[in-house]
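Fair warning: this is a prediction, and the values are worked out from it, not measured in the lab. Every chain is numbered from 1, with letters handed out A, B, ... down the list of sequences.
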Amino acid sequence: MTPPASIADREHDHAPIASAVVAWFADAARPLPWRAADVSAWAVLVSEFMLQQTQVARVQPRWEEWMRRWPTPADLAAAPPGEAVRMWDRLGYPRRALWLHRAATEIVERHGGRVPRDLDALLALQGVGPYTARAVAAFAFGDRHPVVDTNTRRVLARAIDGRPDAGPPSSRRDLEAMAAVLPDDPAEARAFNAAAMELGATVCVARAPRCDACPIAGRCAWRAAGHPASDAPRRPRQARFAGSDREARGLVMRELRAAHRPVPREDLEPVVPDDRLGRALTTLVADGLAVHSHGGYALPGS
DNA sequence: TAGCCGTGGGG
DNA sequence: TCCCCAAGGCT
């Protein structure tokens, strides 16, 4: 553990940053439906699953429809997993829909149908990792936990460390960095967790930060250093999507979602007219996203 | 642990 | 057009 004196020093140094970001958030926060005061923990959990690697603008309509259809974990658990995948539509990473369905089942079986508040219980749910568990505990239950996503990592790297971008993710190091800045008061901490994410998502963005709109520009270590450019090795370039197996899987899933009966393989060949089709079908079945039955492929359990 | 997993917005 | 990158998690 860090010596108490050091913690006190850091908190003293960073308190104005937290205050300024929270004050900015009070005005600048986007009115996202899952931030409403009366939403359930389940509603928050659903939003966090959908927001993993997916932008707010694409999530919002899916979330609205999802919550209307399955307002509780028990409602979703009672539906076939394939219906969750179908409702997920084109949010991407459809395994998340399967995991959310599984998590709902686990919540019913292990927690009486109520989303658990305890961090370890949350972490034990399928598809819930360090970010999502803390986000639910903090945002749905108001508990004081550091919540660190990619936006917060970037904000801390710039404002506190004076670097243009965050280093490689390290759950432990990232949580410690946020803990050093997090206000003591639980309500204030909750607000700062959300505010830091919001700042990173809307102002302190990766490509072209809008420092003129930033509430802590005057306290930002990166700005004070003259916005030095990144000297870190760029992260490996994402593989080209066009022509990839990923694309092929997405094309197959699109067909299976649209169909309400098994789709014969020959009907998929025009959609993926090359040797990616076989790999896509094999891996989709292995992932549980598709089943082979009645001479065709279909969503699971529907 | 590094690679993999969809899809789309924006520079 | 092309490429980056996005409220991560799993294996």
Nearest listed nucleotide, side chain of A/Y93, among C/dA7, B/dG6, C/dC10: B/dG6
Sugar-phosphate, base or nothing in reach of A/A135, heavy atoms under 4.0 Å: nothing
Which residue lies more 5' along DNA chain B, comparing A/R207 with A/R96 via nearest heavy atoms: A/R96
OP1 or OP2 of C/dA6 under 4.0 Å from side-chain N/O of A/Q55: no
Listed nucleotide nearest any side-chain atom of A/Q53, set B/dT7, C/dG9, C/dA6: C/dA6
Basic-acidic side-chain contact under 4.0 Å: A/D165, A/R154: no
Sugar-phosphate, base or nothing in reach of A/T132, heavy atoms under 4.0 Å: sugar-phosphate
Minimum-distance nucleotide (side-chain atoms of A/E48 versus C/dA7, B/dG6, B/dG8): C/dA7
Sugar-phosphate only, base, or nothing, as touched by A/P169 at under 4.0 Å among non-hydrogen atoms: nothing
Length of the line joining A/R62:CZ and B/dG6:P, which is rounded to integer Å: 17 Å
Lys/Arg-Asp/Glu bridge criterion (N-O < 4.0 Å) met for A/R35, A/E198: yes
Sugar-phosphate, base or nothing in reach of A/F241, heavy atoms under 4.0 Å: base
salt_bridge(A/D212, A/R210) N-O dist < 4.0 Å: no
Cationic N near anionic O, under 4.0 Å, A/D245 to A/R279: yes
Rounded distance in Å - CD (A/Q126) to P (C/dG8): 18 Å
Sugar-phosphate only, base, or nothing, as touched by A/R90 at under 4.0 Å among non-hydrogen atoms: sugar-phosphate
d(CZ, A/R210; P, B/dG10) in whole Å: 13 Å
Closest to side chain of A/M197, choosing from C/dA7, B/dT7, C/dC10: C/dA7
First of A/T54 and A/A208 reached from the 5' end of DNA chain B, by closest nucleotide: A/T54
Salt bridge flag under 4.0 Å for residues A/E83 and A/R86: yes
Short side-chain N/O contact from A/R154 to OP1 or OP2 of C/dA6, under 4.0 Å: yes
Candidate pair A/T72 and A/R114, rule side-chain hydrogen bond (donor to acceptor under 3.5 Å, both in side chains), full reasoning: CA-CA 8 Å; A/T72 71; A/R114 304 179 67 91; over 6 Å; no
Sugar-phosphate, base or nothing in reach of A/W34, heavy atoms under 4.0 Å: base
Sugar-phosphate, base or nothing in reach of A/G92, heavy atoms under 4.0 Å: base
base_contact_polar (C/dC5 base, A/Q238 side chain, donor-acceptor, <3.5 Å): yes
A/T150 vs C/dA6: side-chain N/O to OP1/OP2 distance below 4.0 Å: yes
Touch class at under 4.0 angstrom, heavy-atom based, for A/L284 against every strand present: nothing
Sugar-phosphate only, base, or nothing, as touched by A/R30 at under 4.0 Å among non-hydrogen atoms: base
